[in-house]
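Sequence lines set the chain letters: A, B, ... in the order given, protein chains first and strands last, and positions in each chain run from 1. In this text, all values refer to a predicted model and were calculated from it rather than measured experimentally.
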Amino acid sequence: MPPQDKLQEMTAGVSQRSEPDRNDDRYNPQRVESKWFERWQNEPNLYAADPSGSEKKKYYVLEMLPYPSGALHMGHVRNYSIGDALARYMWMNGYNVLHPMGWDSFGLPAENAAIQNNTPPRQWTLGNIAKMKAQMNRLGFAYDWSREVTTCMPDYYRWNQWFFLKFYEKGLAYRKNSRVNWCPKCCTVLANEQVVDGRCWRHEDTLVEQRELEQWFLRITKYADELLRDLEKLDGWPEKVRTMQRNWIGRSEGTLVDFKLDYPENSGGFGPAGGTISVFTTRVDTIYGATSIQLAPQHPIVADLAAANPDLRAKVDQLIAEQRKAKEAGDIGEIEKHGVPTNRYAINPFNKEKIPIWVANYILMDYGTGAIMSVPAHDERDYEFAKKYKLEIRLVVLPISNDPEETMTEPVLPFVAHDGMLINSGPYSGLDCAEAIKKMSKFAEENNFGKATVTYRLKDWGISRQRYWGTPIPMLYCEKDGIVPVPEKDLPVILPENVDISHAVGSPLSSLPEFVNATCPNCGGPARRETDTMDTFVDSSWYFYRYTDAHNDHAPFDSKAAQYWFPIDQYIGGVEHAILHLIYSRFWTKFMRDLGLITNDEPVERLFTQGMVIKDGAKMSKSLGNVVSPDEMVARYGADAARLYSLFAAPPDRDLDWQDSGIAGIQRFLGKVYRFVTRNASAASIASVDTLSAASLSPAERQIQRKLHQTIKRVSDDFQGRWHFNTCISAIMELVNALHAYEESTTSQAKSTSSALLAEVQRDLILLLAPFAPYLAHELWEIIGEKGSLLKAPWPKYDPALAKEEELEIPVQVNGRLRGRIVVPADAAESVVLDRALADEKVKSAITGKQIVKRIYVPGKLVNIVVPSGSVK
RNA sequence: GCGAAAGUGGCGGAAUUGGCAGACGCACCAGACUUAGGAUCUGGCGGGUAAAACCGUGGGGGUUCGAGUCCCCCCUUUCGCACCA
């Protein structure tokens, strides 16, 4: 520290309160961090990636972009600390790193804030972005801001509109009147993915209602099969996320079978004349055991029947209410099955049998066809239902077992196994289930009453939102020409400003005549503009492509740039986006590939889902009052300490229990490093590192060198493999502790090799610390007199020869119990080690007078002497 | 109900392949330097004992020379799915 600064700090200390002069080597994070902060601020392109096409190997590391709420929380800090450490590590390993950041800046909170504070959403949002960007910079995150993406800006959302037109062109965007999820708090529609246990994803206390609305949909179901199939390729993704997506897509192979309606005399008819009920089943092999048809209460045929029958209407309404209750109940479990007979019948096309049609509360209209054939003997739900209403239960499959006793005996009902043999099934009796399914599906298809088919749980993505702060959907409604897309050349459809959203009923944009009234590009006549905006998940479905070419104003991005950078090598974010964001992103990628924009099938090579930050056993939240503010942590302990602690306190994939005392410990550690390096800086800077050879070192020095190389290995291995940064950091702490002990024990003699060694160790220590604590690392880099930039300085090399122990301490067990320790050369022969072990006093006394049954030596690990048991006691 | 992950000192966590349980850090205790300590340094720190022995990784069994780690049964927590035909 220059003397002037020293003096300043001394006087400052005295005049304030009690900052004593002999603590002037204390690490002052505020001073050091603000110094580097200033420098970095003056170098806006410090972290800019090399242009795409660079010779260097590329590495694209990405953290999920935040919603600009106005302040970072600890979850962000943790997320970005992981990504930043990785980006810096890859830089130091010579990669061309792309590490961008942006803002998912459309969405409801801006509208609520606008109403509350009387601030326009745009102003509120941009103000928040500025605040959060400053926070990120203060934390020292190395982002390439030249590629910043802000989704609420026209230069971004015009490409949302462009993509929408492409979807429309390809027949993958369509409009339909449908029953939609409506959140009364958001006052807008929710996608299926945004409904959790019958409640709004952002309002856990609010039940979602059903409404009939005209909506725009994107045909994600066209890619259902590929989205499912390609999950197999994503072996860099957590299995948990893949399972969740697999469940969400919900592929199910089965058969559609049409049952003819049986018209009773004088019934007045029901359903379409000559009509049928189509059912979906995965077990067509059990169709001879079908003893009723069960319809969803919302089924059109039920509506028909109920229209003429008020009594039935009331009962069906009751079933609908029960069904809704079950959905809302979430984890409370299944409700009791209820049903109502319609007193109508349908004909089983296989055996021509007449079976009753019921309406049941356990049949869902939005899965399959909303109708099933009920086979009580071979389905648990059907069994329960049939028992309750005394419907016939007919066994048509018998178990086949290796045990002859069991084979062909009557099974316990319901018998749902797939590996049985058919009975009571006409010409199909005697077949096994799998074969029967094939033959029966074929028969149905040949006779025009059914076919093999695949059903998905995944539904098309409803993207219309009746909100203001979003991307306008670029569509027009002309009286003459109907639905007309806005021509590409007219994009973007600009979201108007100065819109009074506080009293809006329905879509706020619909109250703006100057927005609504437009001209039809086809006929030149008057047209009405679409006033709904897009779901904000559209924005985040492709934003990471925009980073590759963020300022392109004639395409969403340049294909070559995307081809260079994609797929994303490492994506890091919360598991809460496992379905919504990550499935939409995969869908968008596949669509862009089919457009010819990109060549990759999947956007993300490796996905990492970090754990939550919790405090006092609960997720941080304002209502619980356990929120830790990053600003406060930075002010008290510094950015390095906050970052380091968020990596140290737990492995990154697990939840992190925040403890203020823990971060204080990290600050102590950083101070220790700082003091060590400042004390030894001058000695280190004069020594030549090249003169160092293991042979010239004293045992104590060799030990330090060994520890250094072991630490380099541990930290490097973790970056390459399992990402347990908590153990990386503890390894660095061990190294520092060892250095400290070494320093204490070293006398002033042999200074020259000592300082040469110190030069090497300090340099490498600083490099090891650089990805985690960039401020301190840069400061120390300067202090030891290094001239070049630390940012991309080469990562230290691990030398196995230098890391190798020369002597080992081997624990000696007798019958698996630790009795002594011996020190042997690392390459000692087994016989030598065993002799030494048997000569150990404690071992001797444990085995005196006993016969040695067995001697075990695990090289380098331990010795175990086995003597007859019992005699040891 | 089904599936997955987890359960280790007072606390966060370590033990990467079946081989010294508790690394590293926090908290705590004692000491040193101090007018002072929320600075720094040294030592201690699972239970138990004077010291040993011994006990100890959710519980119970098993395999093994040896088990936190493998196998079987059970308990608890978290997450995901849940009338999906």
Atom P, compared across G10(B) and G46(B): separation rounded to whole Å: 10 Å

Give a yes or no on whether a donor-acceptor pair under 3.5 Å exists between the nucleobase atoms of C79(B), that is its base, and the side chain of K240(A). no

Considering heavy-atom distances to RNA chain B, does A296(A) or R636(A) have its closest nucleotide positioned more toward the 5' end? R636(A)

Counting side-chain heavy atoms from C-beta on, which of G80(B), C24(B), A14(B) comes nearest to M244(A)? G80(B)

Whether the side chain of D379(A) engages the backbone of V375(A) through a donor-acceptor N/O pair (distance < 3.5 Å, no angle test) should be reported. no

Side chain of Q813(A) (C-beta onward), nearest among C20(B), G12(B), A85(B): C20(B)

Between E809(A) and D655(A), which is nearer to the 5' end of RNA chain B once each is assigned its nearest nucleotide? D655(A)

Please name the nucleotide paired to A5(B) by Watson-Crick or G-U wobble geometry with both distances under 3.5 Å, or report none. U77(B)

OP1 or OP2 of C55(B) less than 4.0 angstrom from a side-chain nitrogen or oxygen of R817(A), does that happen here? yes

Would you state whether a donor and an acceptor, one from the side chain of N247(A) and one from the base of C81(B), lie under 3.5 Å apart? no

With the threshold set at 4.0 Å, does a side-chain nitrogen-carboxylate oxygen contact exist between R283(A) and D285(A)? yes

Among A85(B), A23(B), C81(B), which nucleotide has an atom closest to any side-chain atom of T281(A)? A85(B)

Of W658(A), F725(A), F772(A), the one forming a ring pair (Phe, Tyr, Trp, His ring centres under 6.0 Å) with Y645(A) is W658(A)

If the P atom of G22(B) is compared with that of A53(B), how far apart are they to the nearest Å? 15 Å

Quick one: is C81(B) close enough that its OP1 or OP2 comes under 4.0 Å of any side-chain N or O from R246(A)? no

Picking from C24(B), C20(B), C41(B), the nucleotide nearest the side-chain atoms of H740(A) would be C41(B)

So what does S661(A) hit on the nucleic acid, given a heavy-atom distance under 4.0 Å: a base, only sugar-phosphate, or nothing? sugar-phosphate

Looking only at the side chain of Q659(A) (C-beta and beyond, no hydrogens), which of the listed nucleotides C81(B), C20(B), C11(B) gets closest? C11(B)

Among C83(B), A14(B), G13(B), which is the nearest nucleotide to the side chain of T727(A)? A14(B)

Is there a side-chain contact between N726(A) and the phosphate of A14(B), meaning an N or O under 4.0 Å from OP1 or OP2? yes

Partner nucleotide of A82(B) by Watson-Crick or wobble geometry (both distances under 3.5 Å): none

Can a side chain N or O of R675(A) be found less than 4.0 Å away from OP1 or OP2 on C41(B)? yes

Which base sits across from G38(B) as a Watson-Crick or G-U pair, both distances under 3.5 Å? none

U16(B), C24(B), G66(B): which one has an atom nearest the side-chain heavy atoms of N864(A)? G66(B)

Is there a donor and acceptor pair closer than 3.5 Å between the side chain of R821(A) and the base of C20(B)? yes

Out of C83(B), C24(B), C65(B), whichever nucleotide has its closest atom nearest the side chain of L364(A): C83(B)

State, with a plain yes or no, whether a side-chain heavy atom of V316(A) is found less than 4.5 Å away from one of P297(A). yes

Counting side-chain heavy atoms from CB outward, which of A85(B), G25(B), C41(B) is closest to I363(A)? A85(B)

Base, sugar-phosphate, or nothing: which does G250(A) touch, judged by heavy atoms less than 4.0 Å apart? nothing

Just call it for F648(A): base, sugar-phosphate, or nothing, with non-hydrogen atoms closer than 4.0 Å on any strand. base

Using a strict threshold of under 4.0 Å (side-chain N to carboxylate O), is an ion pair present between E384(A) and K387(A)? no

Taking only side-chain nitrogens and oxygens of R714(A), does any of them come within less than 4.0 Å of OP1 or OP2 of C24(B)? no

Pick base, sugar-phosphate or nothing for I856(A), based on heavy-atom distances below 4.0 Å to the nucleic acid. base

Write down the distance separating the P atoms in C28(B) and C79(B), rounded off to the nearest Å. 32 Å

Between U77(B) and A27(B), how far apart are the two P atoms, rounded to whole Å? 32 Å

Over all strands shown, is D717(A) touching base, sugar-phosphate only, or nothing at heavy-atom distances under 4.0 angstrom? nothing

K804(A) backbone acceptor or donor facing R706(A) side chain under 3.5 Å: yes

Who does G19(B) pair with, Watson-Crick or G-U, both distances under 3.5 Å? C65(B)

Between H724(A) (NE2) and A14(B) (P), how many Å, whole number? 7 Å

Sidechain-backbone polar pair: R251(A) side chain, V454(A) backbone, donor-acceptor under 3.5 Å: no

G9(B) to A23(B) separation - P atoms, rounded to the nearest Å: 13 Å

Are OP1 or OP2 of A27(B) and a side-chain N or O of R668(A) less than 4.0 angstrom apart? yes

Backbone N or O of V208(A) within a donor-acceptor pair of the N181(A) side chain at under 3.5 Å? no

